[in-house]
Amino acid sequence: MIVNTSFTPIILDNLVTAIVLVDETLVIRYVNPAAEQLLSSSKRRLLDTQLPQLLQHSSLDLNHVKATLHSGQGLADSDVTFVIDGHRHLLGVNASPISWQKQLLILLELKPIDQQRRISQELNQHAQQQAAKELVRGLAHEIKNPLGGLRGAAQLLEKTLPDSSYHEYTQMIIEQADRLRNLVDRLLGPQRPGIRKTDNIHSVLEKVRQLVNIDTDSTITIERDYDPSLPEINMDAEQLEQALLNIVSNAALALKSQGGGTIKLKTRTAHQSLIQGVRHRVTATIEIIDNGPGIPADIQDTLFYPMVTGREGGTGLGLSIARNLIDQHQGKIEVFSWPGHTNFTIHLPIKS
């Protein structure tokens, strides 16, 4: 594609889409104002900088971008994650080879899709979560009835056995039936809100921090970044403690597997937040951030489903229960992760 350089810069400078021109080594040769905003830097700083140096993480293999110069074929990806200056951006990316000021360069169009993707993903996940709950409840009912009969039959059999040496086998049946029943109960999780009262979320976070500190060694540090102006929340403190403990404990286990790291507990006040289709004037935002290995990309969209886990030996129940408890508080929970960074964000409405 041949570009008329006499007027193109004027056109590109006025586009709301971020435009970046890079050479064959991905060194930036031009950015428009929209790209300056996206890349969190000025044109003066960006020019002659390699694009990969600005990205803490990219879900797109940038070698594919380079390949467009040699193939002459454009590249399009509607679901790309760039992490820039610690912030995640969901983008639609188009890359095309062009002629620019007697050079052969690559034109990158970066279109933010964060808002619409987040709303769509939230609605889809909520619907799928509800469907999963109904499925689990149905399965639980079908499993618990025969388990009760199996346990009762084992107890009756134990009483009629002439030789007590066989009791170990009936006890094994009873113990395994109890174990499966407990597993089903954990799958279901609490189904009704507990007793609620106005309380400080920081006191809940402090209990969680203390509990996790007891179970971890000195290689794991828990940092606090609390907003002291955060209003109190109408909540069941025990349920929120359980939800937060499940998330922070998972983070601690992930850090332990890599030999240590840092967990940050952060709170902030947000305004005009949309939660499950309802706009709330004031909400509390709670973030649990760790610098562990990250969550595999292939399970991030289903991470809160029962029995889904990225950890060897994990049950896949902790995050499902946490999501259920947050839902009961009319809140929502989000996660984004890449190698070296995982962020769970909980949004809870504050009733004024």
Side-chain angles (χ1 to χ4, degrees), residues 1-121 289 291 293-298 300-301 334 336-343:
M1 179 175 64
I2 305 300
V3 177
N4 186 333
T5 57
S6 62
F7 64 84
T8 297
I10 298 174
I11 296 174
L12 297 184
D13 283 348
N14 286 281
L15 290 178
V16 295
T17 300
I19 301 295
V20 180
L21 293 181
V22 296
D23 64 17
E24 69 279 1
T25 61
L26 299 182
V27 171
I28 296 174
R29 298 306 183 191
Y30 165 84
V31 290
N32 70 351
E36 291 180 77
Q37 184 175 2
L38 177 68
L39 297 173
S40 302
S41 194
S42 66
K43 179 181 291 188
R44 183 174 59 84
R45 290 179 178 272
L46 292 171
L47 293 181
D48 300 322
T49 301
Q50 276 200 316
L51 180 62
Q53 293 178 3
L54 304 171
L55 307 179
Q56 293 162 271
H57 170 73
S58 170
S59 64
L60 174 66
D61 185 348
L62 296 180
N63 287 321
H64 295 327
V65 174
K66 288 183 182 181
T68 60
L69 275 182
H70 303 291
S71 67
Q73 299 295 317
L75 168 71
D77 193 328
S78 62
D79 187 7
V80 173
T81 299
F82 279 174
V83 178
I84 302 165
D85 196 25
H87 298 284
R88 182 185 66 157
H89 299 271
L90 297 176
L91 305 166
V93 175
N94 289 288
S96 306
I98 69 164
S99 175
W100 172 274
Q101 298 178 352
K102 299 181 180 180
Q103 299 179 75
L104 190 59
L105 300 178
I106 304 166
L107 184 146
L108 289 172
E109 298 176 76
L110 310 175
K111 301 177 183 178
I113 57 171
D114 299 67
Q115 186 173 4
Q116 57 265 41
R117 168 73 185 277
R118 189 178 293 116
I119 292 171
S120 175
Q121 190 176 50
I289 307 165
N291 60 351
I295 300 167
D298 60 338
Q300 286 190 30
D301 287 343
E334 301 173 311
F336 60 93
S337 178
W338 61 88
H341 183 96
T342 298
N343 184 321

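Below, each value reflects all heavy atoms present in this structure, side chains not excepted, and no hydrogens, waters or symmetry copies.
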Point to revise | Partner set under side chain to side chain contact (heavy atoms under 4.5 Å, CB included) for Leu15, not counting sequence neighbours | key: Leu12, Ile19, Asn32

Check your understanding: Among all residues two or more places apart in sequence or in another chain, which pass the side chain to side chain contact (heavy atoms under 4.5 Å, CB included) test with Thr342?
Key -> Asp290, Ile295, Val335, Ser337, Phe344

Review point. Do Pro339 and His57 come within less than 4.5 Å of each other through their side chains, counting heavy atoms only?
Key: yes

Review point. Tell me, do Leu91 and Leu60 make a side-chain contact under 4.5 Å, heavy atoms counted?
Key: no

Can you tell me how far the [atom1] atom of [X] sits from the [atom2] atom of [Y], to the nearest 0.5 Å?
X	Y	atom1	atom2	answer
Thr17	Leu110	OG1	CG	9.0 Å
Asn291	Asn343	CG	CG	12.5 Å
Ile106	Leu75	CD1	CG	9.5 Å
His87	Gln56	NE2	CD	9.0 Å
Leu90	Lys111	CG	NZ	15.5 Å
Gln103	Leu105	CD	CG	5.0 Å

**Study point:** Any pair counted as side-chain hydrogen bond (donor to acceptor under 3.5 Å, both in side chains), so long as it reaches residues 40-52, sequence neighbours left out
**Key:** Arg29-Asp48

**Study point:** Pair listing, side-chain hydrogen bond (donor to acceptor under 3.5 Å, both in side chains) test, anchored in residues 61-77, at least two apart
**Key:** Asp61-Asn63

**Study point:** Residues Val65, Leu51; criterion side-chain contact (heavy atoms from CB on, under 4.5 Å); working and verdict
**Key:** CA-CA 11 Å; Val65 174; Leu51 180 62; over 6 Å; no

Exercise: identify the closest heavy-atom pair between [X] and [Y]:
X	Y	value
Val16	Ala34	O-CB, 3.4 Å
Ala76	Asn94	CB-OD1, 3.2 Å
Ser78	Ile113	O-CD1, 3.2 Å

Check your understanding: For the residue pair Trp338 and His341, does the interplanar ring angle fall in the parallel (under 30°), tilted (30 to 60°) or perpendicular (over 60°) class?
Key -> parallel

Practice item. Could you walk me through whether Asp23 and Trp100 pass side-chain contact (heavy atoms from CB on, under 4.5 Å), step by step? Key: CA-CA 10 Å; Asp23 64 17; Trp100 172 274; over 6 Å; no

Exercise for review: Begin from the C-alpha positions of Val31 and Leu38 and carry the test side-chain contact (heavy atoms from CB on, under 4.5 Å) through to its verdict.
Suggested key: CA-CA 10 Å; Val31 290; Leu38 177 68; over 6 Å; no

Exercise for review: Begin from the C-alpha positions of Ile84 and Leu55 and carry the test side-chain contact (heavy atoms from CB on, under 4.5 Å) through to its verdict.
Suggested key: CA-CA 5 Å; Ile84 302 165; Leu55 307 179; 3.7 Å; yes

